[in-house]
Amino acid sequence: MEIAFLIGRILFGLFHILFGLNHFTKLSAMAAYAGSKGVPFPVLAVLLTGFLLLIGGLFILLGIYPRIGILALVIFYIPVTLIMHNFWAATDPMAKTMDMISFFKNMIILGSSLMFLMIPEPWKFSITGKK
């Protein structure tokens with residue numbers, strides 16, 4: 001089970017790190033999309049959310065300060081899910097479907113992020129060297 005936890009942690013952390021990096025490498029496109037959704041200061045918002053994803057993914061991957069990593073992901077997922085994937089406001093059927101898929105995907109990831117809070121610290125295989 002410990003190896004399964006480590007593999008899951010690696011996958012979960014890398015997912016968030018890669019998507020966080022996208023916020024920096026695809027900044028102009030993501031900021032334009034955020035702006036089209038009515039996000040104020042879209043460039044700043046994309047940079048901030050990219051930072052949250054990087055911190056969340058890195059801290060979970062490495063097992064350092066996991067509660068801070070989880071908090072960063074929660075702070076990311078709640079507003080982003082409600083603002084960027086508000087499928088109930090979409091009029092185009094394809095956009096509505098894509099937003100609905102993204103909304104529920106984010107809710108699932110938010111739920112799994114919160115489940116990490118039940119794992120006693122320090123986590124096994126963390127870089128702290130404990131446990």
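Within the structure, the side chain to side chain donor-acceptor pair (under 3.5 Å) test picks out the following pairs touching residues 36-45 (sequence neighbours left out): Lys37-Asn86, Lys37-Asp99. Evaluation of the side chain to side chain donor-acceptor pair (under 3.5 Å) test over residues 100-110, restricted to residues two or more places apart or in two chains, returns Thr81-Asn106.
Contact between Ser113 and Phe12 at its shortest, heavy atoms only, is OG-CZ, 3.3 Å.
Leu48 and Leu18 fall into different hydrophobic clusters, where Ile, Leu, Val, Met, Phe, Trp and Tyr side chains are chained together by heavy-atom contacts under 4.5 Å. A continuous path of hydrophobic side-chain contacts links Ile83 to Ile109 [ILVMFWY only; heavy atoms under 4.5 Å]. Under a hydrophobic clustering in which Ile, Leu, Val, Met, Phe, Trp and Tyr are joined whenever their side-chain heavy atoms come within less than 4.5 Å, directly or via other members, Phe87 and Met98 fall into different clusters. Hydrophobic clustering, with ILVMFWY side chains joined whenever heavy atoms are under 4.5 angstrom apart, groups Leu114 together with Phe104. Taken together through direct or relayed side-chain contacts under 4.5 Å among Ile, Leu, Val, Met, Phe, Trp and Tyr, Met115 and Phe125 form parts of separate hydrophobic clusters.
Under the side-chain contact (heavy atoms from CB on, under 4.5 Å) criterion, Ile108 pairs with no residue, sequence neighbours left out.
The main-chain N or O of Trp123 is never found under 3.5 Å from a side-chain atom of Arg9 such that the two would form a donor-acceptor pair.
Around the CZ atom of Phe51, the shell of radius 6.0 Å holds no more than 12 heavy atoms that belong to other residues, nucleotides or ligands. Within a 6.0 Å sphere centred on CZ of Phe19, heavy atoms belonging to other residues, nucleotides or ligands number 12 at most.
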Solution key, residues 52-80 side-chain donor-acceptor pairs under 3.5 Å, sequence neighbours excluded:
| residue | atom | partner | partner atom | Å |
| --- | --- | --- | --- | --- |
| Arg67 | NE | Glu121 | OE2 | 2.9 |
| Arg67 | NH2 | Leu117 | O | 3.4 |
| Tyr77 | OH | His16 | NE2 | 2.8 |

Could you go through residues 25-35 and list every donor-acceptor pair under 3.5 Å that involves a side-chain atom there, pairing it with any protein atom two or more places apart or in another chain?
| residue | atom | partner | partner atom | Å |
| --- | --- | --- | --- | --- |
| Thr25 | OG1 | Leu21 | O | 3.3 |
| Lys26 | NZ | Asn22 | OD1 | 3.4 |

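In this structure, CD1 on Ile101 lies 11.5 Å from NE2 on His85, to the nearest 0.5 angstrom.
As a member of the Ile/Leu/Val/Met/Phe/Trp/Tyr network built from side-chain separations under 4.5 Å, Leu44 groups with Phe41.
Side chains of Phe103 and Leu82 form a contact here, defined as non-hydrogen atoms less than 4.5 Å apart.
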